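Everything numeric here is computed off the predicted structure, so don't read it as measured data. Computed over heavy atoms, backbone and side chain alike; hydrogens, waters and symmetry mates excluded.
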Amino acid sequence: MMLTASARPEFANEKFVKSYYYSSESTNLWLAEEKTYANCRGPGFVECYDRYDETTSSQWGLTGLAVIVPKTIAPGKPWVFRADAITRDAAIDQALLARGFHIVIPPLTAQSGAVKTQWNNAYELMTAHGFSQKPVLEGTGTAAGEAYAWAIDNPDKVACIVGHNPALRSLMSKTSPLDNLAPLAKANVPAPAHLRSQRSVVQRANKSGRATLQGTRRPGHSHHR
């Protein structure tokens, strides 16, 4: 949906289009006449949020920056800087949306992976419009590695990092995030990692011995490779 200037949020220019984000959660409704339950899902049965995507010249229809807006914005305009595309079953993001957080996804347009300049521009855009100076960084798999890489370069601009089954390698950085965690430790940046492996905890110090990464297991899943 194309937007007029008056209908756009402050962070969005004329390149942004509007759509909607909602979860895939289903609801069972009792149908009295049929005396049975109907399984229902979609925006009419769960919370539905406005989503704004920046259009690009990509021939493949790829969009730039994406922002999902909560119904009620929490004081201080907290936000999640999510390193990968959001899915319909993103329970943490949905919980934070319900608590007034924006979800911000940097452009995912480069074949080479995350582009640091695009991430920096996204951060500057949001903070210039009054958003928190310290977003929550989030990512899954290799996208979590990019979140760690950006946080290592900008430890004073991060509230915490949430990595889902993280693979700590990065195309944004020339070095492995796992070997350079000291800036996060120095800035006291919490970095919980939710794992799907059979190991309940993963822990490794960097070369200086000052930083560790710890994770908790989510049972019933295989480890990301």
Side-chain angles (χ1 to χ4, degrees), residues 11 19-27 41-43 45-53 63 65-108 114 119 122-123 126-127 131-152 154-155 157-168 170 177 181 184 187-197 199-202 213-224:
F11 59 79
S19 60
Y20 300 94
Y21 171 78
Y22 50 89
S23 79
S24 59
E25 183 180 359
S26 61
T27 301
R41 67 175 63 188
F45 304 96
V46 294
E47 198 70 78
C48 185
Y49 300 97
D50 293 343
R51 172 173 175 153
Y52 299 89
D53 286 87
T63 59
L65 182 71
V67 182
I68 303 174
V69 180
K71 295 292 185 182
T72 302
I73 300 173
K77 286 190 175 182
W79 55 295
V80 177
F81 205 178
R82 185 182 172 106
D84 51 339
I86 191 170
T87 58
R88 298 286 184 193
D89 60 351
I92 290 179
D93 299 81
Q94 291 160 16
L96 291 175
L97 278 167
R99 286 164 173 77
F101 283 65
H102 285 70
I103 308 297
V104 179
I105 306 166
L108 305 171
W119 284 47
Y123 176 87
M126 303 313 293
T127 54
F131 284 70
S132 171
Q133 299 287 322
K134 290 189 174 186
V136 174
L137 263 68
E138 181 187 13
T140 302
T142 55
E146 304 297 357
Y148 276 86
W150 192 86
I152 287 168
N154 302 275
K157 298 177 180 178
V158 180
C160 68
I161 309 169
V162 179
H164 307 287
N165 208 30
L168 292 191
S170 169
L181 295 174
L184 300 182
N188 294 316
V189 176
H194 301 280
L195 307 178
R196 296 179 180 177
S197 71
R199 293 168 293 177
S200 59
V201 176
V202 170
L213 172 67
Q214 294 183 326
T216 57
R217 180 178 66 88
R218 289 195 293 175
H221 299 278
S222 61
H223 184 60
H224 174 86

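Lys77 meets the side chain to side chain contact (heavy atoms under 4.5 Å, CB included) test with Ile73, Phe131; sequence neighbours excluded. When the side-chain hydrogen bond (donor to acceptor under 3.5 Å, both in side chains) test is applied to Trp79, no partner is found at least two apart in sequence or on another chain.
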Does the pair Leu137 and Tyr148 meet the rule for a side chain to side chain contact (heavy atoms under 4.5 Å, CB included), with working shown?
CA-CA 8 Å; Leu137 263 68; Tyr148 276 86; over 6 Å; no
Walk me through whether Trp119 and Glu146 qualify under side chain to side chain contact (heavy atoms under 4.5 Å, CB included).
CA-CA 10 Å; Trp119 284 47; Glu146 304 297 357; 4.1 Å; yes
Quick one: do Val158 and Lys134 satisfy side chain to side chain contact (heavy atoms under 4.5 Å, CB included)? Show the steps, please.
CA-CA 4 Å; Val158 180; Lys134 290 189 174 186; 5.9 Å; no
Could you check Leu108 against Asp84 for side chain to side chain contact (heavy atoms under 4.5 Å, CB included), going step by step and ending with a plain yes or no?
CA-CA 8 Å; Leu108 305 171; Asp84 51 339; 5.5 Å; no
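The two atoms that bring Ala90 and Ile86 nearest to each other are CB-CG1, 3.8 Å, heavy atoms only. Nearest approach of Ala151 to Ile161, heavy atoms of both residues: CB-CD1, 3.5 Å. The two residues Pro135 and Lys157 come nearest to each other via the heavy atoms CD-O, 3.0 Å. Closest of all the heavy-atom pairs between Ala149 and Ser170 is CB-OG, 3.4 Å. In this structure, Ser19 and Asp53 approach most closely via the heavy-atom pair OG-OD1, 3.8 Å. The two residues Pro78 and Ser132 make their nearest non-hydrogen contact at CA-CB, 4.1 Å.
To the nearest 0.5 Å, the span separating CD1 on Ile152 from CG on Leu184 amounts to 5.0 Å. Of the inter-residue distances, the one linking Arg41 atom CZ with Ser24 atom OG reads 6.0 Å to the nearest 0.5 angstrom. Note that OH of Tyr20 and CD1 of Ile68 are 13.5 Å apart. Values are rounded to the nearest 0.5 Å.
Tyr49 and Gln94 share no donor-acceptor pair across their side chains, judged by distance under 3.5 Å alone.
Among residues at least two apart or in separate chains, salt bridge (Lys or Arg N to Asp or Glu O under 4.0 Å) pairs with a member in residues 85-108 are Arg82-Asp93.
Results of the side-chain contact (heavy atoms from CB on, under 4.5 Å) test with Ile103 over Ile92, Leu97, Val136 single out Leu97 as the only residue that passes.
At most 12 non-hydrogen atoms from other residues, nucleotides or ligands lie less than 6.0 angstrom from CD of Glu25.
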